[in-house]
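What follows is one structure encoded as structure tokens, with my remarks underneath.
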Amino acid sequence: MRHLSIGLALLVLLAGCASAGARTTTASAPPPAPAAAAAAASQETAGAIGPQYPSTYQRHPNPPVLIRNATIMTAAGQEIQGGSILFKDGRIVSVGTSVQAPSDAVVVDGTGKWVTPGVIDTHSHIGVYAAPGTFAESDGNEATRPVTAEVWAEHSFWPQDPQIPLAIAGGVTTIQALPGSANLIGGRSAVLKLVPARSVQEMKFPGAHYGLKMACGENPKRVYGQRGGPSTRMGNMAGYREAFIAAQVYRLKWDKWNKDHQGDPPERNLRNETLAEVLRGNIYVHNHCYRADEMMQMLDLGHEFGFKIRSFHHAVEAYKIADVLAREGTASSIWSDWWGFKEEAMDGIYENGALLQQAGARVVIHSDDASGIQRLNQEAAKAMYHGRRAGIPITRDQAVRWFTANPAWALGLDSIVGTLEPGKMADVVLWSADPLSVYARAIQVYNDGWLVYDRNDPAHQPKTDFSLGQP
Amino acid sequence: MIAFLLAQTIAITGGTVYPVSGPKIENATVLIRDGKIAAVGTNVAVPAGATRIDASGKWVTPGLIDGAGQMGLREIGAVQNTNEATLRGNEVAASFNVLEGINPASTLIAVNRMEGITTTLAVPNGSLIWGQAVLIDLDGSTIEAMRAKSPAAMVADLSEGAKDAGGGSRAGVAQRLRRVLNDAREYATRRADYRRRQIQDLGASAADLEALQPVLRGELPLLVVANRRSDIETALRIAKEYKLRLILAGAAEGWMIPDEIAAAGVPVLVEPMDNIPSFDALGIRYENAPLLTKGGVKVALMETATENTRDLRQQAGNAVASGMTWEQALRAVTLTPAEILGVADRYGSLDAGKVANVVVWTGDPFDFSTGVEHVYIRGREIPLRSRQTELLERYRTLPPKY
């Protein structure tokens, strides 16, 4: 009943966005080869000042694990009955019907259970809009001016947010923590492994691309309408264009100086630095946008400045332009059934995901909600079954990809994680029942091969500091 | 014309029927006549001329009841002009009855009833005393046609949301509520003095004090929003002092004191999927509904997001996953809310004489694989159409043909 509070509703509109290439360098583990070049580029852009908050992520050690005799949904086209999966040193070793385990492996009986890749949420504000939800931890929207490309979500992220263990218990292994949707350009996102940590740097996914949060539609003009603008959608659009025009100039200066090192380096500007990386394709654009016609305009904005939109977010009307989105290769990070709380969300339908899938567009189920993140598998199921009942044949594998492989792609991590295939990072969830059923619960969650959560073992049930000594 | 429609006789045959008031019945018939359930069982004679609905292989349950939300009072949350649930400028809005704010043409109604929700509470919003909630069936072109019970409950807030009405302190809120109830008692014995302006200043208007009389008499339940254990205890305390019929809504930390709540005979409306901690409810947890149920508390499940009242099914499924039995969860979204809101003589189970709110499902109503085949509200078959189905049809093939 707390949701009936009006004040909270307004906060939700902004925070929850319902409202709205540099890759991370790593200090310890060797980065995969492509990251090195991109990392070098950002170092160069920065004028070689110093490493930019590198990831200090380290995999937790874990003995090898063999889950046997489970139904394994690989998110790579297979649902293996009586299957087994072996992972060791953070990597999936093999998946199949007869998998041999080393003698030191922990053997988990998966009889009657299901296994999927770890759940990935492309749109979360946990940590930046942390519980208990007071002003003190409302750090998701730097709503002081419409373009704040210079801020980075990780600098607002609180690793002791009690919402984090709740998400882990829902099977979530990776999130993109985003700035909110008050701003036209909200700042860099943080792509994080959801593990207990003292600092956000320990959670930064090694080799991940940063995202750039952009927002169109009602939220920015509501926030800035009485504060100097933008107050209209056309004002929104001019705002993005002006920001990218300045970034183009900045990029040209730095690209030139990086090449010839003639004279003093150009002056460094955090805002343009991030936007220049977007123009170079190193930072991915994640654009909160509801209406079909606005999404079409944002695609043209991308054409104007030479960047692709990696994913629209919320994209409540994406089904209306599913063919265009398929052609553009832009993903849609959507809910199954949220609609009607704003006018731009009026036309939400259950079949959004199914229609997109049918058109060949990439579908991601996201949460934008600390409660919803715990049930992305359920949301995907709702979207799948409603699609089927509307006569759109969606397979179980496709539905599982909506919360695993597809969000991995949206975050540029699809070569590393998101499916259960040999060589991939061992982000694995063992479910008590079919994950596309309302009755399923995550029994075990492995993050990079480490048993971060076990429903039946209090020794593997992380709690953040905030929860200690509380009811 | 209306009489003709109501006189329609419908026989839903061959399904697995879940009356809720008793165990499930295989291969049974639900006979509907004149908007009411005429008979339920395996040996029901189907009159000639009845419309036969073959429910073989299907599940048949009462329509689901959501004791929360603002159905009909809210079209678009962000658009003030489409929201009718809040009365400004009155922190003790006891006389604020929301019935005339309900829009029978709200698009939310069709969207949600096609997923099996047939009856909802329309709840006001406010400060200390929010006003009178009404129970509506999700069919009818007028508020008279939709009304199931008005008022169904008086709604008040003892959570942190009410603090401004108590001068910024929970103690202030409790004291103010007592003052208002005391004034209502006083007013009841001194109406003449009030008219002659020979009474001390009272803490609410005459209309509001008048509206509190049925609450004081225990005839109209007081539905109190309270989540923190101490706030729940405040509600129990005040209800005991004034002999009120209390319903708790939220009760997020109720699982800590099930014995107290059960001993007081107080029923609870719980939202199962809500487990995000706040200072108002640090101890909130998924297992609240099953723990309360195990502790002997009467529990109804609710979905508070009006646009997605249809997610009441998912709420129930998650309550089962957290430890309620399936039967308990079904009861918690049918007969229990009917009992709590005082309409169990007419709603909440498939029994002869009750209003014919019936749903035919392809399977377990709580799981996602299940679809809705038929919805009956007051015996009328509801077209499974909404503006969402129209949008689907328009955009099935692209580009759309405008």
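Each chain gets a letter, A, B and so on, in the order the sequences are listed, and its residues count up from 1. We use all heavy atoms of the structure for the numbers below, so side chains are in, but hydrogens, waters and symmetry mates are not.
Around CZ of B:Arg385, the count of heavy atoms belonging to other residues, nucleotides or ligands within 6.0 Å does not exceed 12. Annotation: A:Met296, atom CE; neighbour count of heavy atoms from other residues, nucleotides and ligands within 6.0 Å does not exceed 12. The neighbour count for B:Tyr402 OH, taken as heavy atoms of other residues, nucleotides or ligands under 6.0 Å away, is above 12.
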ask   = Taking it one step at a time, do B:Glu75 and A:Met346 satisfy side-chain contact (heavy atoms from CB on, under 4.5 Å)?
value = CA-CA 10 Å; B:Glu75 196 63 23; A:Met346 259 176 78; over 6 Å; no

key: Intermediate values then yes/no, side-chain contact (heavy atoms from CB on, under 4.5 Å), B:Asp311 and A:Lys382   = CA-CA 10 Å; B:Asp311 282 341; A:Lys382 281 196 280 185; 3.1 Å; yes

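Of the residues considered (B:Arg310, B:Arg394, B:Arg396), B:Arg310 shows the highest number of contacts with chain A, using heavy-atom pairs under 4.5 Å. Each of B:Thr362, B:Asp364, B:Thr82 has some count of heavy-atom pairs under 4.5 Å with chain A, and the biggest count is that of B:Asp364. Among the candidates A:Gln374, A:Glu343, A:Gln163, the residue making the largest number of heavy-atom pairs closer than 4.5 Å to chain B is A:Gln374. Taking B:Arg313, B:Glu307, B:Arg229 one by one and counting their heavy-atom pairs under 4.5 Å with chain A, the maximum is reached by B:Glu307. Counting heavy-atom pairs closer than 4.5 Å to chain B, the top residue among A:Met384, A:Gln358, A:Glu351, A:Arg388 is A:Glu351. Of the listed residues A:Arg441, A:Gln470, A:Lys320, the one with more heavy-atom pairs under 4.5 angstrom with chain B than any other is A:Lys320. The choice from A:Phe466, A:Tyr350, A:Tyr439 that makes the most heavy-atom pairs within less than 4.5 Å of chain B is A:Tyr439. Ranked by heavy-atom pairs shorter than 4.5 Å toward chain A, the options B:Thr389, B:Asn318, B:Leu282, B:Thr107 are led by B:Asn318.
Only the side chain of B:Val111 comes within contact range of chain A, with heavy atoms under 4.5 Å apart. Interface residue A:Arg375: only side-chain heavy atoms are found under 4.5 Å from chain B. Of the two parts of A:Ser467, neither the backbone nor the side chain holds a non-hydrogen atom closer than 4.5 Å to a non-hydrogen atom of chain B. Both the backbone and the side chain of B:Ser322 come within less than 4.5 Å of a heavy atom in chain A. For A:Ala359, no part sits under 4.5 Å from any heavy atom of chain B, backbone or side chain.
Atoms OH and CG, on B:Tyr395 and A:Asp323 in that order, are 11.0 Å from each other to the nearest 0.5 Å. Here the CD-CD1 distance, from B:Glu393 to A:Ile349, works out to 9.0 Å after rounding to the nearest 0.5 Å. The line from CG of A:Asp434 to CZ of B:Phe368 is 10.5 Å long, rounded to the nearest 0.5 Å. Here B:Phe279 contributes atom CZ and A:Thr134 contributes atom OG1; the two are 6.0 Å apart, rounded to the nearest 0.5 Å.
Looking only at distances, no side-chain donor or acceptor of A:Arg389 sits under 3.5 Å from a matching main-chain atom of B:Val372. In this structure, A:Asp337 contributes its side chain and B:Asn308 its backbone to no donor-acceptor pair below 3.5 Å. Between the side chain of A:Ser371 and the backbone N or O of B:Met273 there is at least one donor-acceptor pair closer than 3.5 Å. B:Gln388 contributes a side-chain N or O that, together with a main-chain N or O of A:Gly348, makes up a donor-acceptor pair within less than 3.5 Å.
Residues A:Ala131 and B:Ile276 approach most closely at CB-CG2, 4.3 Å, considering heavy atoms. Residue B:Leu392 comes nearest to A:Ala390 through the heavy atom pair CD2-CB, 3.8 Å, listed as atom of the first residue, atom of the second, then distance. Considering all non-hydrogen atoms of both residues, A:Ala322 and B:Leu398 come closest at N-CD1, 3.6 Å.
Within the 4.5 Å cutoff, side-chain heavy atoms of A:Pro471 are placed close to those of B:Glu253.
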